[in-house]
Each structure stands twice: as structure tokens, then as C-alpha cells.
Amino acid sequence: MPIALPTIEQIEDYLHKVEDIVASSLSAATPDLPKVTEAIHRLWQDVLRHSPQAMPALKGLGAFEVPPPPPPPPPPKSLWENTADWFSDHPWTTAGITVGLIGSSLLVGYAYPHARRRARVGAKRHGQAANGERRQVVGACFVLGGDSPLGIPLIQDLEKKGYVVIASVSTPEAVEQIESKCHGYVRALVLDPTEPEMIPYFLRSLAATMSRRFPITAAGDPHAPPTTHLYVHSVVSLLSLPQPKLALPPAPLEHLDLNGDYLAYLQATHIVPLQILQALLPLLRATPARAQDARTQGLGRQSIVVCLPAMDARVGLPFASAQAMSAAATLRGVEVLRREVRAAGLSGLGSERSEAAYAMRNVKVTVVDVGAVAFAGGEHDLEGAEGLRRVVDEWTPSEQAAYGAAFGSMLEHGGHRAIRRQPSDASVFVDTVTSIVGSGRRRHGLNTYSVCDVLGRLHELFRGDRVAVGAGAGTYAFASYLPAFLLDTILNIPYLLVSIRNALLPIPPRVITPPPLAATGAAAPPAQQPPLVQQTIAEKHEGTDSDPEPEPEHDASEAGSEADVESNEGYGSGVGESWVSLKSKPRNSTSPSRISLWLVPRPSQADKIAPIMRLKPTTPLKSPHSFPAFHPHVTLASSPDGAAVRAAIPPNQGPIPVRFKELGVAEGKYFMALYVVVHQTPGSELEKVREHLRARLGDKGAIPPVAHMSLYYIDEADREERERMAERLRSELRVLEGQGPDGESVLKLACVDDEREGEKEPVILEGFDGEEIWVVKCEGPVRDWEIMEKIPLVQS
């Protein structure tokens, strides 16, 4: 059997154990034994003393001393010392590196001013045209609601950033107001959100603007080459934000008129913005190559930014149901649009990808929740508490009894103004929106802007597709994530505290209470009475002593020429006698039929004017006699004697040119409710014919003092529609008013038929050529008028 040899470690361990055992045994047996060195030294001294003298001395044994420890190692050299040693060891290499660094610094220092100088020389050489081309490369930003309180500062900031801005405004006056504050790279187009019929005209003007050359103040050809046409970079909608002219007073949902006030509000703040987005989405993906090039050049992604009120979109407070429902509907629609855009972009990554679907990858959709923001024009706040208390008078007694106390508590703690907080500056809102529109526009090169670009992209990634800006927006955003019961409890705390306070007071404060039953039971208030649809002027002046003194007949005729020209009496609608005379008449009186002479345009021109005369209000009419259909004409004369009127027509009369002057609105006149005044230049063909008829008819007939072409006949029951239709014609650019070279007023009609497919460009008419005179029997309703004869006017 082989013997296993121990290892060195085992031997050393064994010797250490033996040494320990010996030392411990010796110490235990002889505790007084001195040190071994001393014992050996003493033993050797005894041996020398008693031994022969010739014995040599023992060398090497002296006092035993422990040797000193070795010195510590030197500390390591620093980086600077190592660098200095390397430079001293490599002098030639160091000199080459130094010369290279100095040369590179000089090259960069002198090349940058040279490049700047060349850029300035190129800018001067190309002038304003080059500047316009540069801005068109950036792209166009559409701002819907540019005349809103936050629209003007946003438009000005986007223009400073290098964008061409196309803004929508609700009135023609706002066009000049916005464009005058900018530097030629802003184009304002009229789009009234309360008039959805204007959308086709707005889109048609938008298509023409996309091909314009900017700045718009530059001289020369206004149209840009096709290669430099604008492409849509961003769409910013401010139409869903609160606006003073669209604001609804706070009221319970039970009182909200869904078919009236709310439908109009929903149309302006929800439906119209989404309709515009539907029309602009094809433009966003129409130029994928240019959009991709713009993104490659550092101009960012295309974007759709929809701004919503944070309070209504996030929470929804009591007595603000209309605003909350509209904001919630818009928010859900935009969220669905964002998911559809992402799904379309992802589907464009396959092998059989579509260019349109692939272009959707470059579009981002963002919602901005806007809190309290101050602006330069001041805050358009709601009425004070006292003013809002009067709103309750329109509620029913049951609604006042149910919601009056809660509504009074809301007014007392300021709930109608949300929360009293210091609004944020408008620049905060503007900077947030422009950063979303830019989406990380970057500068090339390694500099401070590159670092900011990276930080901006990280911030955008963290921020997501919904942004809160303005005072209180973050609070409402946080509150929207709370459980419903907890949120309701927090919102009801002010009402609870007010109710406790009122219960503890000896005299309760003023609260809104319904009127007493005695007052309401006797007679309904005026607001509850149904409007009278049929009412004649004769009925208004019935009576004896209480009747007001009638106006003179001459004044009535001067106020409305057709009052004495085309009688339409005989049926009780206010149409029959509203413009014949303001003097009282018996109820059962009748007047003889009147024969009128109409100067009518040529058929082609009449067909162009007819679509304007077919326009009607979007709201229901109160009178069935408003807005009847009739042929465009200028009334020349009228008389009960048909033979005299026919014989008064000048023989061999040629065509009579008519030129439009201005738009007129007459109060209390049915046949002159809304009309176009024509020029009555002395010596003109029209004036010659009028003078001839005035001389031939004498007292047998009447000549209108003001030559005009009526557009609409509107009954007194719908008198508010007169101004509305006039404003609609101006806002839709169907009526263009201005001045001629001689300083006189000039009116043009932009005629386009919305019902005819393929007709987009309007036909501009400054007047018409009267080529026929019609003899018309005007008796009874307008629909019963009879054309007795058509007399052509042929140039001899």
C-alpha cells in the first residue's frame, strides 16, 4: 500500500503546532526561566570564567536587536506629472500636436465670419424673393380662430419662427387687423364658425392661398411657381376655446335649450373645427416627399394641435354642461383621430406599403388643455354675480326652486369663474404651442442648440400627446384621475360649507327663490308668451286716442320706394300693408291691384344672381311670408292703370346698364328688407328712363325715389334676420364693397351656385344689363304675382 507524502503546507502547519506546544509547556513548567538569549549569554560567561584561558571567545553573539522595517514605497505620480514626463520624453510629438491645434483654431475662427459674410451677400443678392422661398420651405401653419384672444400673439410668434401662417377669422374686419400687425407672411381668411355654409368658400380661398407667393406685400406676380407651393406643416385649432361672443350663461342641464343655444354652440366649437380638420387631413399627406425632406432638414414633424379648455375637458363643473359636453366630444374625436393616424402610419411599414399611409407616420396629434391665461387685450370674463342672478329669471319656477340655492352658492364662492387664481402669461401658452409645432426643430452641428434639441426631444417624449398649460390646468389634469366619488366630494365641498354657514346664520343671506304663485298664476311673463307670427301695421294702429300719430305719406315713400310701387295688401301677415303707408286703415279695406314695370337682367346674369337670392337663414322662420322666391329686377314705376304704364314705356328703348352701388337694409319695410342700391348718375340711361316715366305718368303712377334691386322680402316677425343676412353676405364674401376711382361707393356680387357640382370660382358682377322690361301684376302674395308681358329692349 503506497504511503501518502505530506505537503509543504501540512509540514509547516505541523511545525507551528509543535513550536506552540513546546513554548506553552516550557512556560508552564518554568515560569521564572529568563529569556533564552540571556540564559545562553550567562552560560557562556560562566564557561569562559572557569575554562582555560586559551579557549576562543564565541563571536557573533551580542545583544539581539530587531532590524528596522523597510521604508514605504513612493506615492504614485499625478496625471499632470505623467503628462509632463511624457512631453519631456517626446518633444517632437508635442510640438506637432501644438502646431495642429493652433492651425485648426485659426481655420475655424476665420472660416465662420467668411461663411456669414457669404450668407449676407447671398441674402442681399436674392432680396425678398429668396426670403420668401426660405419661408415657404418651412411650411404653412393653419391657425383656426386667429381672432380669438390668444390667436394674435400665437400668429405673430409663428411668423417670427419662419412659418407662413394662414389664419381663419370670423369677420372681414379682423382680416385687416391681423395682417396689418404682421410682416407679409400671414394671410387671414374669413370663416365664421357659427355659419357652417361658409366652409366651402373658406376651403376654396385656402386652396388659392396655398399657391400664393409670400410675402403678400411683395410686388409682381402674386402666384408662386408650382415647385415652391406651400405644404401644410401644422394645424392649430383655437375654435374650441371659450370666446366671448359664443359664451353661454351658466345654467342647469335641465334648462339648456338643446335644439337652440346648445346646437349653435356645438356647431361652432365642435362640428366646424372637426370639419376643417377633415378637409385639411388630405393636404397633410398630399406631399410626403416634401414633408420628409423638411423633417430631414430639421424642421420637425407635421402636427395637429387642438386646444381645449382644461376645466371643461378634464372635469366639467356644475352649471357648465354645454361647454363640458362640447369639449368632451371634441376630445374624444381627437383621441380617435390620433389612434387612427398611428395605425395608418404603422400599416405603411409593410412590403406593400401605400405612400399615403406611410405619410401618416410624419403626422402627430396633440391636445393642449388650456387653463387660465392672461392676454394683452384683457380678460373676457363672464358677468358679475349680480348680472348672472338675472339669468335665473329665465328659468321655470320648478328649476328655480330646485337649483336656485345651489346656483346662488356657486356665485357666492366664485364657481362661475372656476377658481380665483392668477392667470399665466400668454407667452407661456404661445411657447408651448410653438414648441409642439416645431417638434424639436434642430440646428446642424455640435453646439449648444444640439444639446437643447436633445433635451427638447426628451421633454416631448415624456410630455406625451396631451399637454397642460395655464394656471389650474395641471390641477384639473390631476383631478381627472381621481375616483368619481372622491372628485364629486371635493367639488361639492364649497356648496356644503355655504349650506352650513346659512344654517348657522340667524338671518340667511339672499338666495334665489322662485316668484310667488300669485304672480305667476295671474299671467305668464312676457318671455313665456308665444310670439305673434301674423301681425299687420293696420292692427298696430287700430284705436282712437291711444294710437300714435301716423307719419306723413311723403316720408314713408322716401323711406322705402317700393312701398308705393308694388302693393301686396289683402292678407294678414304684415306683408300686405307694412310698406304701403304708415297711416291707419280699416281692417277690411282693400286696394286695387297695381301694375309694375320691372327692369330685368339678361338670362345669363339672372341665373348668376339667383343663387344669392335663394339663400335662407339656418334657423326656423317665424313667418311663412319671409324669403319668398322672385326674379331679380329693378322696379321702374307702378300704377293702378295698366294701360297708362304700358304706354309710358319709351319707344325703341335700348338695353339699360345698371351698376351696383351699396347694400341697404330698411327697418319696417317688407319689400326693401335687404336690397342693393344702384347708381343714379344724371344723364345715364337708367335715369333718363326714370325721368321719362315720371313725366308720362304724373299723378297716375309712382317712381321709386331710390333705384334699387331687392334681394330678400322679410316680414316684421323675422326682422332680426335682415341684419344677419347682410352680415352673412359680407362675411361669406358674396358682397364685396369698396370705392371706385372717383371715390363713389362700388358694390360687386360674387355669384356662385353651391348646389351645382364643379362650380367653385365665383362670377363677379358689378351690375347687369337690362335687356327686358316686364309688366307685372302685383296683387296678393308674392307667389301669386303675374307676369303679363315681356318687352325686349333692342338697340336700334
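These figures come from a predicted structure and were not determined experimentally. We use all heavy atoms of the structure for the numbers below, so side chains are in, but hydrogens, waters and symmetry mates are not.
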### Query
Does Tyr670 reach the main-chain N or O of His625 with its side chain, forming a donor-acceptor pair under 3.5 Å?
yes
### Task
Measure the acute angle between the ring planes of Tyr403 and Phe319, then classify it against the limits of 30° and 60° as parallel, tilted or perpendicular.
perpendicular
#### Entry: Heavy-atom closest pair, residues Asp607 and Pro611
O-CD, 3.0 Å
### Message
Any heavy-atom pair between the side chains of Asp147 and Val175 that's under 4.5 Å?
### Response
no
### Message
Please determine whether the number of non-hydrogen atoms from other residues, nucleotides or ligands lying under 6.0 Å from atom CG of Asp488 exceeds 12.
### Response
yes
### Message
For Leu284, is there any backbone N or O sitting under 3.5 Å from a side-chain donor or acceptor partner on Gln302?
### Response
yes
#### Entry: Donor-acceptor contact below 3.5 Å, side chain Arg724 vs main chain Glu721
no
### Arg728 bridged to Asp192 by N-O distance under 4.0 Å
no
### Query
Are Arg332 and Glu335 close enough for a salt bridge, meaning some N to O gap below 4.0 Å?
yes
### Task
Evaluate the side chain to side chain contact (heavy atoms under 4.5 Å, CB included) criterion for residues Glu720 and Lys622: first the C-alpha distance (whole Å), next the side-chain angles of each, then the deciding distance (0.1 Å), finally the verdict.
CA-CA 11 Å; Glu720 67 276 3; Lys622 301 177 182 178; 3.8 Å; yes
### For the student: nearest non-hydrogen atoms of Val782 and Tyr713, plus distance
CG2-CD1, 3.8 Å
### Query
Is the side chain of Ser480 donor-acceptor paired with the backbone N or O of Ala477 at a distance under 3.5 Å, no angle test?
yes
### Query
Would one find more than 12 heavy atoms of other residues, nucleotides or ligands at under 6.0 Å from atom CD of Glu197?
yes
### Message
Apply side chain to side chain contact (heavy atoms under 4.5 Å, CB included) to residues Leu241 and Ser148 and explain how you reach the verdict.
### Response
CA-CA 8 Å; Leu241 293 179; Ser148 62; 5.8 Å; no
### Message
Contact between Thr194 and Gln267 at the side-chain level, heavy atoms closer than 4.5 Å - yes or no?
### Response
no
### Task
Please check if the side chain of Asp261 supplies one atom and the backbone of Asp257 the other of a donor-acceptor pair under 3.5 Å.
no
### Query
Backbone N or O of Ala322 within a donor-acceptor pair of the Ser326 side chain at under 3.5 Å?
no
### Query
Any side-chain heavy atom of Glu667 sitting closer than 4.5 Å to one from Glu716?
no
#### Entry: 4.5 Å side-chain heavy-atom contact, Thr434 and Tyr163
no
### Task
Measure the shortest side-chain to side-chain distance between Met709 and Pro632 over non-hydrogen atoms and say whether it is less than 4.5 angstrom.
yes
### Task
Any chance you could measure Ile276, atom CD1, to Leu191, atom CG, to the nearest 0.5 Å?
5.0 Å
### Summary
When rounded to the nearest 0.5 Å, the distance separating NZ of Lys616 from CD1 of Ile714 is 11.5 Å
### Derivation and outcome, side chain to side chain contact (heavy atoms under 4.5 Å, CB included), residues Val469 and Val433
CA-CA 9 Å; Val469 61; Val433 175; over 6 Å; no
### Query
Any side-chain heavy atom of Val306 sitting closer than 4.5 Å to one from Leu337?
no
#### Entry: Rounded distance (nearest 0.5 Å) linking atom OG of Ser240 with atom CG of Leu274
7.5 Å
### Message
Could you check whether any side-chain heavy atom of Ser170 comes within less than 4.5 Å of a side-chain heavy atom of Gln243, counting everything from C-beta outward?
### Response
no
### Query
Could you state the interatomic distance from OG (Ser626) to CZ (Arg719), rounded to the nearest 0.5 Å?
11.0 Å
### Task
Please round to the nearest 0.5 Å and tell me the distance separating atom CZ of Arg466 and atom CG of Asp369.
4.0 Å
### Task
Could you check if a side-chain atom of Ser731 sits within less than 4.5 angstrom of a side-chain atom of Met198, using non-hydrogen atoms only?
yes
### Message
Using only atom types and a distance under 3.5 Å, with no angle test, would you say the side chain of Glu737 pairs donor to acceptor with the backbone of Glu662?
### Response
no
### Task
Show the numbers, then the answer: is there a side chain to side chain contact (heavy atoms under 4.5 Å, CB included) between Leu729 and Tyr712?
CA-CA 12 Å; Leu729 293 178; Tyr712 309 102; 3.9 Å; yes
### Atom of Gly151, atom of Leu238 and distance for their closest heavy-atom approach
CA-CD1, 3.6 Å
### Task
Looking only at non-hydrogen atoms, find the nearest pair between Val428 and Thr432 and report the distance.
O-OG1, 2.8 Å
### Query
What pair of heavy atoms forms the shortest contact from Leu711 to Phe630, and how long is it?
O-CZ, 3.6 Å
### Message
For the CG atom of Leu733 and the OH atom of Tyr201, what is their distance to the nearest 0.5 Å?
### Response
10.0 Å
### Query
Of the non-hydrogen atoms in Tyr481 and Arg314, which two are nearest, and what is the gap between them?
OH-NH1, 3.7 Å
### Message
Could you check whether any side-chain N or O of Lys364 sits under 3.5 Å from a backbone N or O of Ile436, counting only pairs where one atom can act as donor and the other as acceptor?
### Response
yes
